[in-house]
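Here is the structure we will look at, set down as C-alpha cells.
In this chain, numbering begins with 1 at the start of the sequence shown. A quick note: this is a predicted structure, and the numbers were derived from the prediction, not measured. Below, each value reflects all heavy atoms present in this structure, side chains not excepted, and no hydrogens, waters or symmetry copies.
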Amino acid sequence: MTQAVQVLVTGGAGYVGSQTSKALAANGYRPVVFDNLSTGHRELVRWGPLIVGDLCDPGALEQLFSEYRFAAILHFAALSDVGESVREPARYWRNNLQGALNLLDAARRHGCAPIVFSSSCAVYGEPGPLPIREDVSTSPVSPYGRTKLAVEQALADHGVAYGLRSVCLRYFNAAGCDPDGETGESHHPETHLVPRAVMAALGLIPELAIHGDDYPTPDGTAIRDYVHVCDLADAHVAALAHLEAGGDSLVANLGTGTGFSVLEILEAVERVTGRPVPRHTAARRPGDAAILVADASRAQTTLGFTPRHSGLDRIVGTAHRWIKSGRTPGGTHTNSAQPS
C-alpha cells in the first residue's frame, strides 16, 4: 500500500483547518496538525496526529521539522478577531507575523516545502470596484488585515530569494459546517453572523445586534459574500495539487461572486430553523464596508475552484445542525455579530 503524502497543517484544530484536514485525508494525504489550542479544539483533530506547540516557539518548530518530513505546508494558524486586533495590535503582530516568519525559517532549513496560506479579504480594506479582483490596491484597515498582507508579502519575498512557491487564498466570508457533523465552527466567543443568528433563533443568546441599517444597499444592511467551509477546504486541496504539479505562486480570492445582506441571512435562518431571530439595530462599526463581494475567476481558472456547497440554505442548514447538536462551545459572551 502506498504511504500517504504527509503535509503540515498549522492551526488544524480550528474551523477551516480541521475541515481542510478532513478533505486532505479523503484525498490521500496525511495531515499532521500543529496547534497551540488557544482557539482550536483537540476533538476536531481526527484525521492525523496532533502536535501541541506554538509557532512563536522556534524550538518547538525545530523539533517538529526534525521528527517529520513534509511534502507541503498549509498555514492556517492565526488570531482572527478584527476588533480584538484593533485593541491588541501587538499580540496580533507577534502571533500572526512573527509566528509565520518562524515557520518560514524552519521550512527553509528543512527543505523549503511549498506553502498554501490562509489569507483574507481583509487585506483589501475599503473596496474599490465590485466584485473585488486580486489586482486592486490593498489597503487593510485593521491590524488583522495588515498582518495577513504582511505574511503574503513575506511569502513573495521568500519566493524571489529562496525559490519558495506559495498559494495565498484570500477568503471572503467562511460559513457553514461539515454536513457529516464531524467538525464545525466553535469560537470563544462566537462573533460571526450565521452561527449567532442561528443561536438567537434557538434561544442560546437573547438577541442579535445588527450593526447598521443605513448602508447604501437595497435593505440598508451590509452585504457579504458567504462561501461554505467545505468549498474552502476543497480549494486548499486544489491549491496543494497545483503546487505539487509545479505550478507557479499565486494569490487568489475564494468566494461565490454573490452577496447577501444581513437581513437576507436572517430570513434564511428563519426559513431553515422555522423560528424568528430576535434582533435589534445598533450603530455601524468603524471600518465596516457596505458591500464585499469576490471576483473568484482566477481561482476557477487556475485551481478549478467551483463552489458546490455555498447555497445560502445549505450554509445555514449545516450551521444549524452543528449548533443544535450542542457541540459548539462558544458564543455566550456578546450579543454583537460581525457580518462575516
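Note: the hydrophobic cluster containing Ile205 also contains Val198 (ILVMFWY, side chain heavy atoms under 4.5 Å, direct or indirect links). Linking Ile, Leu, Val, Met, Phe, Trp and Tyr residues whenever their side-chain heavy atoms come within less than 4.5 Å leaves Leu8 and Leu37 in two separate clusters. Under the 4.5 Å side-chain contact rule for hydrophobic residues, Ile51 and Leu61 share a cluster. When hydrophobic clusters are built by joining Ile, Leu, Val, Met, Phe, Trp and Tyr residues whose side-chain heavy atoms come closer than 4.5 Å, directly or via intermediates, Tyr15 is grouped together with Phe76. When the side chains of ILVMFWY residues are joined at heavy-atom separations under 4.5 Å, either directly or via intervening members, Val141 and Leu130 end up in two distinct hydrophobic clusters.
The closest side-chain donor-acceptor pair between Asp219 and Ser261 falls under 3.5 angstrom. Neither side chain, Gln19 nor Thr183, offers a donor N or O lying under 3.5 Å from an acceptor on the other. If you check the side chains of Tyr144 and Glu84, you find no donor sitting under 3.5 Å from an acceptor. A donor atom on one side chain and an acceptor atom on the other are found under 3.5 Å apart for Tyr171 and Ser118. A donor atom on one side chain and an acceptor atom on the other are not found under 3.5 Å apart for Tyr92 and Arg146.
Annotation: side chain of Leu193 is not in contact with side chain of Asn173 (no heavy-atom distance under 4.5 Å). Counting only heavy atoms from C-beta outward, the side chains of Ile265 and Leu263 never approach each other to under 4.5 Å. Residues Leu24 and Val9 meet the side-chain proximity criterion, which asks for heavy atoms closer than 4.5 Å. Side chains of Ile115 and Val167 form no contact here, defined as non-hydrogen atoms less than 4.5 Å apart. In this structure the side chain of Val194 reaches within 4.5 angstrom of the side chain of Tyr226, judged on heavy atoms. In this structure the side chain of Val229 never reaches within 4.5 angstrom of the side chain of Asp178, judged on heavy atoms. Looking at heavy atoms from C-beta onward, Thr258 lies out of side-chain contact with Asp225 at the 4.5 angstrom threshold. Considering only heavy atoms from C-beta on, Pro31 stays 4.5 Å or farther from Lys22 through its side chain.
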Q. Stepwise, does the salt bridge (Lys or Arg N to Asp or Glu O under 4.0 Å) test hold for Glu270 with Arg275?
A. CA-CA 5 Å; Glu270 292 180 339; Arg275 301 183 182 188; over 6 Å; no
Q: Kindly indicate, with the supporting measurements, whether the criterion side-chain contact (heavy atoms from CB on, under 4.5 Å) is fulfilled by Leu266 and Ile210.
A: CA-CA 10 Å; Leu266 301 192; Ile210 299 173; 3.8 Å; yes
Q) So Arg170 and Glu152, side-chain contact (heavy atoms from CB on, under 4.5 Å) or not? Walk me through it. A) CA-CA 10 Å; Arg170 293 174 177 171; Glu152 286 191 14; 2.6 Å; yes
Q: For side-chain contact (heavy atoms from CB on, under 4.5 Å), just list the numbers for Trp47 and Val33, CA-CA rounded to whole Å, side-chain angles, deciding distance to a tenth of an Å, and then say yes or no.
A: CA-CA 9 Å; Trp47 297 277; Val33 170; over 6 Å; no
Q) Can Val32 and Val7 be said to form a side-chain contact (heavy atoms from CB on, under 4.5 Å), step by step? A) CA-CA 6 Å; Val32 177; Val7 296; over 6 Å; no
Q. Under the side chain to side chain donor-acceptor pair (under 3.5 Å) criterion, do Thr221 and Asp213 qualify, and how do the steps go?
A. CA-CA 5 Å; Thr221 62; Asp213 62 357; over 6 Å; no
Q: Check the pair Arg165 / Asp248 against salt bridge (Lys or Arg N to Asp or Glu O under 4.0 Å), numbers first and verdict last.
A: CA-CA 7 Å; Arg165 290 179 301 116; Asp248 293 334; over 6 Å; no
Distance-only criterion, 3.5 Å: show the donor-acceptor pairs between side-chain atoms of residues 155-164 and protein atoms not counting sequence neighbours.
from: His158; atom 1: ND1; to: Ala154; atom 2: O; distance (Å): 2.8

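Not a single donor-acceptor pair under 3.5 Å links the side chain of Arg298 to the backbone N or O of Asn253. Under the 3.5 Å distance criterion, the side-chain polar atoms of Asn102 are matched with a main-chain donor or acceptor of Leu55. Between the Asn95 side chain and the Arg91 main chain, no donor and acceptor come within less than 3.5 Å of each other. Judged purely by atom type and a 3.5 angstrom limit, Ser310 has no side-chain atom pairing as donor or acceptor with the backbone of Pro307. Remark: side-chain polar atoms of Asp231 are paired, donor with acceptor, to backbone N or O of Arg308 under 3.5 angstrom. Not one N or O on the side chain of Asp180 forms a donor-acceptor pair closer than 3.5 Å with the backbone of Glu182. Formation of a donor-acceptor pair under 3.5 Å by the Ser249 side chain with backbone atoms of Ser166 is found in this model. Side-chain N or O atoms of Asp35 include none that pairs as donor or acceptor with a backbone N or O of Val52 at under 3.5 Å. In this structure, His228 contributes its side chain and Cys230 its backbone to a donor-acceptor pair below 3.5 Å. Within the 3.5 Å criterion, the main-chain N or O of Glu185 finds a donor-acceptor partner in the side chain of Trp322.
Rounding to the nearest 0.5 angstrom, the gap separating the CG atom in Leu254 from the OG atom in Ser119 is 10.0 Å. The line from CZ of Arg321 to SG of Cys177 is 9.5 Å long, rounded to the nearest 0.5 Å. Rounding to the nearest 0.5 angstrom, the gap separating the CZ atom in Arg94 from the CG atom in Leu97 is 11.5 Å. For the atom pair Thr20 OG1 and Asn27 CG, the distance stands at 11.0 Å (nearest 0.5 Å). The structure places CZ of Arg314 at 5.5 Å from NE2 of His309, a figure rounded to the nearest 0.5 Å. Atom OH in Tyr124 sits 14.0 Å away from atom NZ in Lys148 (nearest 0.5 Å).
The shortest non-hydrogen separation linking Ala122 to Pro140 is O-CB, 3.3 Å. A pairwise comparison of heavy atoms in Asn96 and Ala100 identifies O-CB, 3.4 Å as the closest pair. Scanning all heavy atoms of the two residues, the minimum distance from Pro278 to Ala201 falls at CD-N, 4.3 Å. Taking every heavy atom of both residues into account, Asp54 and Phe34 meet most closely at N-CZ, 3.5 Å. The minimum heavy-atom distance linking Leu240 with Leu74 is given by the pair CD2-CD1, 4.3 Å. In this structure, Trp93 and Pro143 approach most closely via the heavy-atom pair NE1-CB, 4.3 Å.
Taking the ring centroids of His242 and Phe305, they lie at or beyond the 6.0 Å cut-off.
When the shell of 6.0 Å around CD of Glu244 is examined, it contains more than 12 heavy atoms from other residues, nucleotides or ligands. Enclosure of atom CZ in Arg271 by more than 12 non-hydrogen atoms of other residues, nucleotides or ligands within 6.0 angstrom is indicated. Shown here is Arg42, whose CZ atom has no more than 12 heavy atoms of other residues, nucleotides or ligands within 6.0 Å.
Screening residues 51-70 for ring pair (Phe, Tyr, Trp, His ring centres under 6.0 Å), with sequence neighbours left out, gives Phe65-Phe70, Phe65-His110, Tyr68-Phe70.
A cation-pi contact, defined as under 6.0 Å to the ring centre and within 45° of the axis, links Arg284 to Tyr215.
Relative ring orientation between His75 and Phe117 is described as parallel, the plane-to-plane angle staying below 30° on a 0-90° scale split at 30° and 60°.
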